[in-house]
**Q** 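Would you mind keeping the following structure in view while I ask a few things?
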Amino acid sequence: MTTQDDDATQLRAYPDGPILVRGDFVLLDEDGDAIPAPRRTVALCRCGRTAIPPFCDGTHVLPRHGTAS
């Protein structure tokens, strides 16, 4: 059994969902500037459909509208 440090950063990827980041972390944009994290646990979008990048807004669970064939 392993013990977890409450301050250690943890990343957890969910199938067809976001990456959860927990613990102490600094989130940086492509220029190296800090992106304010609203809390100690955030969900990062992987589907690219979020309205609040880089954070997940749950859009990945909505059905996609495709063209009829």
Side-chain angles (χ1 to χ4, degrees):
M1 184 167 143
T2 61
T3 60
Q4 296 179 356
D5 181 356
D6 288 340
D7 294 330
T9 302
Q10 297 176 14
L11 300 172
R12 181 168 291 177
Y14 287 89
D16 299 321
I19 295 174
L20 288 187
V21 183
R22 290 186 173 103
D24 289 333
F25 61 90
V26 176
L27 188 59
L28 303 174
D29 67 12
E30 63 273 8
D31 296 321
D33 298 321
I35 299 172
R39 56 186 82 73
R40 284 181 44 91
T41 299
V42 297
L44 299 178
C45 177
R46 294 194 305 158
C47 75
R49 295 166 54 193
T50 183
I52 54 169
F55 304 107
C56 177
D57 64 3
T59 303
H60 60 273
V61 298
L62 298 175
R64 291 185 182 217
H65 297 286
T67 58
S69 34

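When a residue number appears, it is its place in the shown sequence, counting from 1.
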**Q** Honestly curious: do Ile52 and Val61 fall in one hydrophobic cluster under the side-chain, below-4.5 Å linking rule?
**A** no
**Q** What residues form a side chain to side chain donor-acceptor pair (under 3.5 Å) with Thr59, not counting sequence neighbours?
**A** Asp57
**Q** Which heavy atom in Phe55 sits nearest to a heavy atom in Pro38, and how many Å separate them?
**A**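 Closest heavy-atom pair between Phe55 and Pro38: CZ-CD, 4.0 Å.
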**Q** Can you check whether Arg40's main-chain N or O pairs, donor with acceptor, with Arg22's side chain at less than 3.5 Å?
**A**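 Not confirmed, Arg22 side chain does not pair with Arg40 backbone.
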**Q** Only counting residues at least two apart or in another chain, list the ones meeting side-chain contact (heavy atoms from CB on, under 4.5 Å) with Pro36.
**A**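 Scan of Pro36 (side-chain contact (heavy atoms from CB on, under 4.5 Å), adjacent residues dropped) gives none.
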**Q** Test of understanding: with side-chain contact (heavy atoms from CB on, under 4.5 Å), list the residues that count as partners of Asp31, not counting sequence neighbours.
**A**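 By the side-chain contact (heavy atoms from CB on, under 4.5 Å) rule, Asp31 matches Asp29, Asp33.
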**Q** Which other residues end up in the same hydrophobic cluster as Leu20, if Ile, Leu, Val, Met, Phe, Trp and Tyr are linked when side-chain heavy atoms come under 4.5 Å apart?
**A**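 When side chains under 4.5 Å apart are linked, the cluster holding Leu20 also contains Tyr14.
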**Q** Share the residues that join Val26 in a hydrophobic cluster, the rule being Ile, Leu, Val, Met, Phe, Trp or Tyr side chains under 4.5 Å apart at the heavy-atom level.
**A**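 Besides Val26, the hydrophobic cluster comprises Leu28, listed by chain and residue number.
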**Q** Please report the interatomic distance CZ(Phe25) to CG(Leu11), rounded to the nearest 0.5 Å.
**A** 9.5 Å
**Q** Take Ile19 and Arg46, measure what side-chain contact (heavy atoms from CB on, under 4.5 Å) needs, and give me the verdict at the end.
**A** CA-CA 7 Å; Ile19 295 174; Arg46 294 194 305 158; 3.3 Å; yes
